[in-house]
Chemist: 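What follows is a single structure, and I will ask about it in a moment.
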Amino acid sequence: MKVGILGGGQLARMLALAGYPLGLKFVVLDPDPNAGAGPISEHLLGAYDDPQLLAQLAEKADVVTYEFENVPAQVAQFLASHTTVYPPANALAVAQDRLLEKNFFRELGIGTAPFAPIASLADLQNAIAEIGYPAILKSRRMGYDGKGQVVLKSADDLAAAWRAMQDAPAIVEGFVDFNREVSIIAARRPSGDIAFYPLSENRHRGGILRVASACSADPLQAQAENQVRRLLEALNYVGVIALELFDIDGELLANEFAPRVHNSGHWSIEGSETSQFENHLRAILDEPLGSTRNRGQAAMVNFIGGLPETSQLLNLPNVHLHLYDKAPRKGRKVAHATVRCDQAESFRDTLETLENLAKRTDDS
Ligand code: AMP
């Protein structure tokens, strides 16, 4: 079987690495000649919307998936008319637009921060009168890792924040004073079987994920599973999904979902019986899903913009290094390291060391 992936970055690379033991082959479409998945897959080099390359991708692959959600609707439609594409195009359409996404959560009875659509400065002033400060203005489309977002602290911020949107449709959200951020990753097969991962507790800085830790028997696990199940079933979803949530005193509010494998699940490579990457492949190939049980304690640290000496990381006990083969650039995720171990003290010490090393080389 051959799996086609739109995008050839680190997520495609880790999908391919998970697929080789299952005898799978991969073909990726990516405009970057140095794409991280290139050396371990057949690489179609060119634009994501090049009709000839898309036709080749569809023809070569038994099933096509993607590693980012901003796939143009016509590309998803074209692929779906030629081959099987998972996750389904409607999941992409919802995840690409923060307003559709928040409305969808609301329809499903999944709580969110208060929000309102914004198309003008007057809309923003009216909405803020209801929502109050602090709040966040976010572009509806093409936002990730905190991009296209402005925090609003007082009336003085409104005009400049709206100008920064450059007339792009936006939403404003109340700023959530959360206790912690968590995400739940789940995989669903076409038959409807679902596997849920233990919650991940996530720490962000500047809107970018820095550290993700596997939770064990978290009291909010059932609440999160219930929310992601509703989402998966309403979308008739196939593949891995990640739902990002704010925990406010035990109540979970949804922030957003990603219709793909997710950075907050990278610890599953070593920390779970079956990684999110393998389960995504199993799901889209309609094979039985693997166990999502934890294997000891696990946490992942991102390296952004730069990397310490590799030997410094490899010298740490119980650490697993994943280099993405990407040239360092400001704010770019170039690698992650996972610490997995059963011994609480050693786990904590190693995680702290990893975080300090990451901070030293982090340029974002
Ligand atoms: P997003 O691009 O929506 O995932 O936002 C990136 C990060 O910004 C989140 O993980 C939070 O740390 C923070 N953030 C986003 N929206 C809110 C909100 N309404 N209240 C508080 N923090 C937020």
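All values below were derived from every heavy atom in this structure, side-chain atoms included, with hydrogens, water molecules and symmetry-related copies excluded. Counting starts at 1 for both ligands and their atoms, following the listed order.
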Chemist: Should the pair D218-R180 be classified as a salt bridge under the 4.0 Å nitrogen-to-oxygen rule?
Modeler: yes

Chemist: Would you please indicate yes or no on a ring centroid separation below 6.0 angstrom for F68 and Y48?
Modeler: yes

Chemist: Quick one: which ligand 1 atoms are inside 4.0 Å of a heavy atom on F178?
Modeler: 21 (C), 22 (N)

Chemist: Answer yes or no: are there more than 12 heavy-atom neighbours, outside D177 itself, under 6.0 Å from its atom CG?
Modeler: no

Chemist: Taking atom CD of E352 as the centre, does the number of heavy atoms from other residues, nucleotides or ligands within less than 6.0 Å exceed 12?
Modeler: no

Chemist: Is ligand 1 under 4.0 Å from a heavy atom in the side chain of L209, in the backbone, in both, or in neither?
Modeler: neither

Chemist: Quiz question: by atom type and distance under 3.5 Å, do the side chains of Q276 and H262 form a donor-acceptor pair?
Modeler: no

Chemist: Is the Y86-H280 ring centre distance short of 6.0 angstrom?
Modeler: no

Chemist: Give a yes or no on this: more than 12 heavy atoms of other residues, nucleotides or ligands lie within 6.0 Å of atom CD of E59.
Modeler: no

Chemist: Taking a cutoff of less than 4.0 Å between a non-hydrogen atom of the residue and any ligand atom, is G174 in contact with ligand 1?
Modeler: yes

Chemist: Which is closest to atom 2 (O) of ligand 1 in terms of heavy atoms, R203, H204, Q149, E244?
Modeler: Q149

Chemist: For ligand 1, is there an N or O atom under 3.5 Å from any N or O atom of A113?
Modeler: no

Chemist: What atoms in ligand 1 come closer than 4.0 Å to a heavy atom of E181?
Modeler: 9 (C), 10 (O), 11 (C), 12 (O)

Chemist: How does N255 reach ligand 1, by side chain, by backbone, by both or by neither, if only non-hydrogen atoms under 4.0 Å count?
Modeler: side chain

Chemist: In ligand 1, which numbered atoms sit nearer than 4.0 Å to a non-hydrogen atom of G207?
Modeler: 6 (C), 7 (C)

Chemist: Got an N/O contact under 3.5 Å between K138 and ligand 1?
Modeler: yes

